[in-house]
Visitor: 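Got a structure for you, questions after.
Naming convention: chains lettered A, B, ... in sequence-line order (proteins, then strands); numbering from 1 in each chain. Please read all numbers here as calculations on a predicted model, not as lab measurements.
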Protein chains: 2
Amino acid sequence: MSEREPKPKRPPRAVDVAAAAEVSIATVSRVFNSPEKVAPPIRERVLAAAKAMGWMPHAAGSALARRRSSIVGAVIPTLDNEVFAAQVGAMQTAFAERGITLLLSCFNYNQDQARSDVQAMLARGVEALAIVGESHKPDLFADIQARHIPYVVTYSHRPGSPHPCIGFDNRQAFRKIARHLLDDGHEVIGVIIQPTTGNDRVADRLDGIRDALAERGLGIRPQHLYEGEWSIDFGRQSVRAMLETAPRPTALICGNDYLAIGALLEARAMGLAVPRDLAITGFDDIAISRQMDPPLTTMHIDNHEIGRRAAAYLLSCLQGESPTPAPPLVPTLVLRGTTGALAPARGA
Amino acid sequence: MSEREPKPKRPPRAVDVAAAAEVSIATVSRVFNSPEKVAPPIRERVLAAAKAMGWMPHAAGSALARRRSSIVGAVIPTLDNEVFAAQVGAMQTAFAERGITLLLSCFNYNQDQARSDVQAMLARGVEALAIVGESHKPDLFADIQARHIPYVVTYSHRPGSPHPCIGFDNRQAFRKIARHLLDDGHEVIGVIIQPTTGNDRVADRLDGIRDALAERGLGIRPQHLYEGEWSIDFGRQSVRAMLETAPRPTALICGNDYLAIGALLEARAMGLAVPRDLAITGFDDIAISRQMDPPLTTMHIDNHEIGRRAAAYLLSCLQGESPTPAPPLVPTLVLRGTTGALAPARGA
DNA sequence: GTCATCGATGTAAGCGCTTACATAGCTGGG
DNA sequence: CCCAGCTATGTAAGCGCTTACATCGATGAC
């Protein structure tokens, strides 16, 4: 009767377990942190007591004592883009296996938000940080470096970047896309792309396109460049507007697959044949892209792989190693049905 | 010269700030937690000192002292489904506004994983928990309840559930879909659905379909029921196999939009007219669905709203209120191009 | 049989912070 | 002019845990 505790409110603490198992609190701690140091019979007793009262070491206490939080942070623009969702999912899984918890922040493409989220994470004692892109307020990186915390920039891999990166060279990748289209014979090329301001990755993509065109003495005509939110609808609107210009572009490079899908759907709705009347390329190779009609030519990025690599890199840093960040990933151009050699305009 | 610290390694602590501002450590703490209690000039001095050394209260320390962690956990199956990604994104945003950090776990439809993730979160001292679905090991909920922390089940709202829920009644929703198809004149209805084992939401969906069919004395023929991973490809395969059976279904209910999109694409690839030869319905109304040709009839779920409501509910609990969980959301049937009245089989 | 040694356990000092309580100036009423 | 009653600040006791160090037996070499 008197054994019944009428107020089970307060969660058990290590001392309670210690009392129940008739050992000292230090032994309880050891059972959970270096079990080999405690004699098996006692170990069992402690384990049994802990299980009986549902006790686990409280993370805040051990974080303090151990000076390690076992949490890492992921800072991404938004989960609404499956690209970042996949990266975060892969990281979460990789870290969970090591008993590390993932803290998430979505900054919605807002640099101030990113900055303050990172500060909050630092205050929480994250031991490492993965951040999408490198166009952030300088303070953001300064804060991280001041803490001597390992971090990695993802989705970007600019030559000469001061940061460790896991990603690919956006500029190169788009140069490759543009060259492919040029090789197919296109000379008037339109571009639909996400906002470039404050987004290094997208700015690089546009630069890559310009590079390739410049190599052939070409450029992007202002009326053939649409910059706006990444969405299927923006892709649709842009292509509709662009096709009213003269000369009409014969090919369209889109900053990501959502835009490309919008462009493709609208072009077909307008009665154009793709790729004959208009070639279209995307970027990311999201799940739906290869299901389109015709299937979308795009560049394949392995987002889970980026997440896994970022996690592996940070994990390695946390073990005290100094891994050399891997070479850039090289996205592969997946030629599907929305591109093809341009029919010769005139002559046989 | 001697002012230079040669080892800036260790992050500053409150005592350092206190020393710099020539106040006691208590005052420093007060400046950050109840600023109105400290005289403005001193407050400024402390703030300046803190900023100068880049100090912020360390979360583990304050969590311990305050007995509040200011973190909450979200437990979802996977981020690869945009439905859950959207929910998490909305929650993260809502919590961040209140200075609360979100811990994420993806259990990949594995109940053991979910259980241990929840335990890890409890050990981390989460103050609240949002969990997708209610078909979890009973221990999972027992652990949470033993800690007396608020929690909410999302994406599910079964009548009579013992848990607070933010979601919709999956059974009702699919009953509605099936009834609609029946009203359109369909009698042979196929089903492609995600695995039902260990997934209450999906099991409810199937039950809802059965309910509606039973009302008209009908049922699902075994050869018209395909259960498997939710993916466009599974939708494709299933529809192909199903259309070889006799009698052929004239309508197809899919457990979510991915499956429906696969079914739609494959049906059209097989030369069927949709909806004339085969009506198709999805569920979730993901972004791409209304872009399909014909646009997909589906049920619209506001995933961000679920996330916001879940966050609001938990936030309210954390303020000590006892909010009555809101009534279920009612997903709306969005009739688009993949359904329509069945042409009369015979007679005028 | 004695003592050095070693392995198993306990003791206690923090980890960085918050906050109840103590204290010390002030203000102003009597 | 004194003191009750404030308010602004400081003191110190934890929060729950880990771990260096102390302690205590037991083991085995001599």
Visitor: Within a reach of under 6.0 Å around CD of Glu44(B), are more than 12 heavy atoms found that belong to other residues, nucleotides or ligands?
Guide: yes
Visitor: Rounded to whole angstroms, how far apart are CD1 on Ile42(A) and P on dG7(C)?
Guide: 16 Å
Visitor: Write down the distance between CD1 (Ile25(A)) and P (dG14(D)), rounded to a whole number of angstrom.
Guide: 15 Å
Visitor: Between Arg158(A) and Glu134(A), is the closest basic N to carboxylate O distance under 4.0 Å?
Guide: yes
Visitor: When you get a sec, tell me which of dT18(C), dT18(D), dT19(D) is the closest nucleotide to the side chain of Pro57(A)?
Guide: dT18(D)
Visitor: If you check the Ala65(A) side chain, which of dT18(C), dT9(C), dG14(C) turns out closest?
Guide: dG14(C)
Visitor: Ignoring hydrogens and geometry beyond distance, is a side-chain donor-acceptor pair present between His304(A) and Asp80(B) at under 3.5 Å?
Guide: yes
Visitor: Is the phosphate of dC17(D), meaning OP1 or OP2, less than 4.0 Å from a side-chain N or O of Ser62(A)?
Guide: no
Visitor: Arg68(B) has an atom CZ; how far is it from atom P of dT19(C), in whole Å?
Guide: 10 Å
Visitor: For Asp112(B), is there an ion pair with Arg115(B) - N to carboxylate O distance below 4.0 angstrom?
Guide: no
Visitor: Expressed in angstrom and rounded to an integer, what is the separation of Glu36(B) atom CD from dT9(D) atom P?
Guide: 13 Å
Visitor: For dT19(C), take OP1 and OP2 only and decide whether either is under 4.0 Å from a side-chain N or O of Ser29(B).
Guide: no
Visitor: Let me know the distance between CG of Asp16(A) and C1' of dC17(D), rounded to the nearest Å.
Guide: 13 Å
Visitor: Using a heavy-atom cut-off of 4.0 Å across all strands, would you classify Val28(B) as base, sugar-phosphate, or nothing?
Guide: nothing
Visitor: Measure from NZ on Lys37(A) to P on dC6(C) and round the result to the nearest Å.
Guide: 16 Å
Visitor: Are more than 12 heavy atoms from other residues, nucleotides or ligands located less than 6.0 Å from atom CD of Glu305(A)?
Guide: yes
Visitor: Please check the phosphate of dC15(D) (OP1 and OP2 only) for any side-chain N or O of Arg67(B) closer than 4.0 Å.
Guide: no
Visitor: For the side chain of Ala39(A), starting at C-beta, report the closest nucleotide among dG16(D), dA8(C), dT11(D).
Guide: dA8(C)
Visitor: For Arg45(B) and dG10(D), what is the distance between atoms CZ and C1' respectively, to the nearest whole Å?
Guide: 14 Å
Visitor: For Gly61(A) and for Ser34(A), locate the closest nucleotide of DNA chain D by heavy-atom distance; then report the residue assigned to the nucleotide nearer the 5' terminus.
Guide: Gly61(A)
Visitor: Expressed in angstrom and rounded to an integer, what is the separation of Arg66(B) atom CZ from dC15(D) atom C1'?
Guide: 12 Å
Visitor: Could you check which of dC15(D), dG10(D), dC17(C) has an atom nearest any side-chain atom of His58(B)?
Guide: dC17(C)
Visitor: Give the nucleotide from the list dA12(C), dC17(C), dC15(D) with an atom nearest to the side chain of Ala14(B).
Guide: dC17(C)
Visitor: Between the side chains of Arg68(A) and Glu127(A), is the shortest nitrogen-to-carboxylate-oxygen separation below 4.0 Å, so that they form an ion pair?
Guide: yes
Visitor: Output the single nucleotide from dG10(C), dT9(D), dC15(D) whose closest atom is nearest the side chain of Leu64(B).
Guide: dC15(D)
Visitor: Would you say Arg13(B) places a side-chain N or O within less than 4.0 Å of OP1 or OP2 belonging to dG16(C)?
Guide: yes
Visitor: The side chain of Ala26(A) is closest to which nucleotide in this list: dT18(C), dA12(C), dG10(D)?
Guide: dA12(C)
Visitor: Establish whether the base of dG10(D) is bridged to the side chain of Arg30(B) by a donor-acceptor pair shorter than 3.5 Å.
Guide: yes
Visitor: By nearest atom, which of the nucleotides dG16(C), dT9(C), dC17(D) is closest to the Trp55(A) side chain?
Guide: dC17(D)
